[in-house]
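What follows is a short report on a single structure.
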Amino acid sequence: MGNPFVVAVDGPAGTGKSSVTKKIADLFHLVHVNTGSLYRAVAYLATEAGFNLDFEEADHAAITRIAEKAQFEFRRMKDKNPKNRLFVNGKDVTSQLRTPDMSMMASKVSAIPGVRSALKGLQRGLGLQAPSILEGRDIGTVIFPDASIKFFLTASIDERVKRRLAELEAQDSEPISFEELREQIRLRDEGDTNRAVAPLRKAADAIEIDTTAHTLDEVVKMISHRILERFPAFGVKA
Ligand code: DC
């Protein structure tokens, strides 16, 4: 039997991956998997265990063990916002994950090779259970190099900072200045792009979309159009 239908969407922070992939998932009835939330959950567990951004190579084995032992479960809860919740070791950690501190820690733990291998099988399993759309940094290159269709989203750094600031404001997070967030995103891009294992890269066969000057709905239309062009049998009203 061939693989189920998998859409891979990669790109740096703030390119709109989460909002776009959620909408595409609804339109095409795909399971939506935000792989960044798994790295964020490992960052959360590592922080709970007493590690901070200054952890060193000598700590890699301990943080890898945390990732290997963790039980992850996505649950859909209609009465919550967001509806898709991530439970780790039985606890709903969803609202703890999207803070600037957790973003930095997630980027740092994601560079540990053992953490990446601990999460690889899980991500493949999530994608293979049903037609799905996965968003992250290495979906088209490492997790699903055989994906049905791949996209790589980009946007200028200032536009990405603007979008993240709006997202943080909407969730009532602690205030952070444009400059500070810009520096954090720049550092995260640098770390994610230059790490030794599974760095952020556009897969050779990915369709690149620069979202800087486009609204969310326009990007959703562009992606839907490309999916329907390649898989006309989908026949959804996109
Ligand atoms: O998508 P996000 O911003 O929530 O991801 C948080 C961090 O997790 C990101 O800076 C790098 C890491 N990540 C990764 O290395 N590979 C993925 N597939 C997804 C996220």
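Ligands are counted one by one from 1 in listed order, and the atoms in each one are counted from 1 as well.
Taking the ring centroids of F74 and F87, they lie at or beyond the 6.0 Å cut-off.
Side-chain polar atoms of D101 and T99 form no donor-acceptor pair below 3.5 angstrom. In the model, Y44 has a side-chain atom that pairs as donor or acceptor with a side-chain atom of K91 under 3.5 Å. Between the side chains of R163 and T211, at least one donor N or O sits under 3.5 Å from an acceptor N or O.
Using a 4.0 Å cut-off between a side-chain N of Lys or Arg and a carboxylate O of Asp or Glu, D10 and K202 do not qualify as a salt bridge.
Residues with a heavy atom under 4.0 Å from ligand 1: T35, G36, Y39, R40, R98, A106, S107, S110, R116, G136, R137, D138, R188, D192, R195.
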Which donor-acceptor pairs under 3.5 Å do the side chains of residues 180-193 make with protein atoms, sequence neighbours left out?
from : atom 1 : to   : atom 2 : distance (Å)
R182 : NE     : D158 : OD1    : 2.6
R182 : NH2    : D158 : OD1    : 3.3
E183 : OE1    : R186 : NE     : 3.0
E183 : OE2    : R186 : NH2    : 2.9
R186 : NH1    : E190 : OE2    : 3.0
D189 : OD1    : R160 : NH1    : 3.3
D189 : OD2    : R160 : NH1    : 3.3
D189 : OD2    : R160 : NH2    : 2.6
D192 : OD1    : S107 : OG     : 2.7
D192 : OD2    : R137 : NE     : 3.3
T193 : OG1    : D189 : O      : 2.5

